[in-house]
Amino acid sequence: MAIVVRSWTGAEAAALRDARRMSLIEFAAHIGVNPRVISRWEAGGANIRPRPVNQAALDTILSRLNDDELARFVEAISPTALSDARDTDVVQQRTNTRHPADGKLMTWVPEGIFLAGPQDQPVWVAGFWMDVFPTTNADYARFVAAHRHSTPQHWDGPTPARDIADHPVVWVSWDDANTYAQWAHKALPTSQQWEKAARGTRGNTWPWGNQPTPAKCNVRGSGPGTMTPVSTYASGVSPFGIYDLVGNTWEWTATETATDRFELKGSAFTSPFDRGEPAAFNDATRRMLDDDTGFRCVTGNLVSETV
């Protein structure tokens with residue numbers, strides 16, 4: 001179980017710098033603050049607490065220590081400063097609800113800072129609800145019937161085959177996904193919303209933590225070579241309890257990267273494992289249709305029965 005600091009002070013920050021054997025200037029650059037800030041922390045010791053955004057950065061550095069660095073850190077600080085809580089424990093109090101329009105299970109991702117992108121830049125994101133599972137063929141069938149929308153090309157008729165009803169819908173363009181989202185009174189997630197839902201607040205490399213574990217997701221080499229039902233990989237859920245944020249299908253987002261191009265997240269059953277890091281970048285033209293690309297939705301506010 002990972003080591004976690006209950007509440008960072010200047011004393012723990014100084015111990016972390018010593019454990020990494022970094023100069024004050026190197027450590028400041030690593031966190032993204034002025035060296036004078038590090039000097040103030042260390043001078044204040046246990047009486048000074050870094051800002052939340054900097055505490056998140058310290059959490060990330062701590063989570064990536066090697067065994068020798070971790071031993072030096074633990075030896076240098078008070079045992080009462082440590083907790084053995086994991087990132088999943090930090091958000092143990094989950095709130096789930098059924099959306100009143102499309103009936104999909106959604107979970108709340110609270111407002112606040114998370115560490116974004118390959119460089120773990122601190123970013124603030126407002127709170128939002130996200131679908132726990134990708135949009136399935138069964139979900140999309142209700143939309144097709146209500147909206148008289150065209151069907152995906154892998155369906156044999158107006159409805160999907162029964163054996164793929166709980167698989168993610170694919171062969172949908174960005175416009176198809178966006179039209180579904182509007183019908184359901186939702187939206188496609190921004191890339192930052194999607195990444196926060198996947199990585200949690202501590203900058204996890206993967207939804208389940210920092211260990212590269214292909215068995216926790218449906219990707220090329222470890223999966224069955226085809227899509228799977230959306231509830232299959234329970235061991236790979238994110239800290240917010242969200243499924244399939246690595247593997248199974250790529251997912252459209254609302255983030256436009258260039259004219260008529262939008263960011264994709266998550267990787268697919270066709271992807272090598274390392275393509276699935278939530279911080280990684282991929283995009284496609286809005287008209288792209290493929291057998292490994294789907295979507296899920298978010299919303300800011302809703303009134304429904306919690307479950």
Side-chain angles (χ1 to χ4, degrees), residues 60 63-64 87 114-121 123 130-136 152 154 167-174 176-177 188-200 202-240 242-258 260-298:
T60 297
S63 71
R64 296 176 180 174
D87 191 54
F114 82 107
L115 301 179
Q119 303 303 315
D120 290 335
Q121 296 298 312
V123 173
M130 176 175 265
D131 291 339
V132 171
F133 303 105
T135 305
T136 65
H154 65 299
H167 290 203
V169 66
V170 292
W171 295 110
V172 288
S173 69
W174 185 89
D176 292 327
L188 296 178
T190 67
S191 62
Q192 290 183 345
Q193 286 176 322
W194 196 101
E195 186 178 344
K196 179 174 182 177
R199 299 181 68 189
R202 297 188 182 277
N204 287 348
T205 303
W206 306 98
W208 53 84
N210 291 315
Q211 293 298 316
T213 315
K216 291 181 180 290
C217 55
N218 182 11
V219 292
R220 187 200 309 167
S222 63
T226 186
M227 280 184 294
T228 50
V230 294
S231 61
T232 300
Y233 287 87
S235 65
V237 300
S238 82
F240 302 102
I242 301 172
Y243 283 67
D244 274 4
L245 292 170
V246 175
N248 220 9
T249 58
W250 289 101
E251 296 184 9
W252 288 111
T253 76
T255 300
E256 194 168 14
T257 59
D260 287 339
R261 294 188 69 85
F262 289 85
E263 193 161 350
L264 293 163
K265 286 290 192 183
S267 78
F269 71 94
T270 54
S271 307
F273 176 63
D274 59 3
R275 291 294 305 281
E277 286 194 26
F281 175 81
N282 189 21
D283 72 348
T285 174
R286 68 191 302 157
R287 294 177 293 279
M288 188 270 290
L289 296 164
D290 212 338
D291 67 348
D292 64 357
T293 303
F295 68 97
R296 75 179 76 217
C297 298
V298 296

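All residue numbers refer to positions in the sequence shown, counting from 1.
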- Message: side chain to side chain contact (heavy atoms under 4.5 Å, CB included), that's the test. Do S235 and W208 meet it? Break it down for me.
- Response: CA-CA 7 Å; S235 65; W208 53 84; over 6 Å; no

- Inter- and intrachain pairs under ring-ring contact (aromatic ring centres under 6.0 Å, His included), touching residues 261-284, at least two apart: W174-F262, W206-F273

- Task: Let me know which of D290, D291, D292 forms a side chain to side chain donor-acceptor pair (under 3.5 Å) with T270.
- Result: D292

- Item | Check: N248 side chain, C217 main-chain N or O, donor-acceptor pair, under 3.5 Å | no

- Item | Under 3.5 Å donor-acceptor, T257 side chain and D283 backbone | no

- Item | Partners meeting salt bridge (Lys or Arg N to Asp or Glu O under 4.0 Å) with R286 (sequence neighbours left out) | D175, D260

- Task: Identify the heavy atoms of N218 and P224 that sit nearest to each other, and give their distance.
- Result: OD1-CD, 3.3 Å

- Would you say S191 and K265 make side-chain contact, with heavy atoms under 4.5 Å? yes

- Closest contact, heavy atoms only, G236 versus P207: O-CB, 3.6 Å

- Message: Does any part of the side chain of F295, heavy atoms only, come nearer than 4.5 Å to the side chain of V169, both counted from C-beta?
- Response: yes

- For side chain to side chain contact (heavy atoms under 4.5 Å, CB included), just list the numbers for T190 and T255, CA-CA rounded to whole Å, side-chain angles, deciding distance to a tenth of an Å, and then say yes or no. CA-CA 5 Å; T190 67; T255 300; 3.8 Å; yes

- Test item: T293 and T249 side chains (from C-beta on) under 4.5 Å apart, heavy atoms: no

- Item | Minimal non-hydrogen separation, W194 against R296, with atom names | NE1-NE, 4.4 Å

- Task: Starting at CG of D244, measure out to CE of M227 and round the result to the nearest 0.5 Å.
- Result: 11.0 Å

- Message: Among N204, T205, D120, which residue satisfies the side chain to side chain donor-acceptor pair (under 3.5 Å) criterion with R199?
- Response: D120

- Task: Measure from the side-chain N and O atoms of S267 to the backbone N and O of G247, and report whether any donor-acceptor pair falls under 3.5 Å.
- Result: yes

- Item | Minimum heavy-atom distance V170-H154, with the two atoms named | O-CE1, 3.5 Å

- Task: Just jot down the salt bridge (Lys or Arg N to Asp or Glu O under 4.0 Å) partners of D176, sequence neighbours excluded, or say none.
- Result: none

- For P134 and E251 the tightest heavy-atom approach is CG-OE2, 3.7 Å

- Item | Where R275 and A280 come nearest, the two heavy atoms and their spacing | O-CB, 4.2 Å

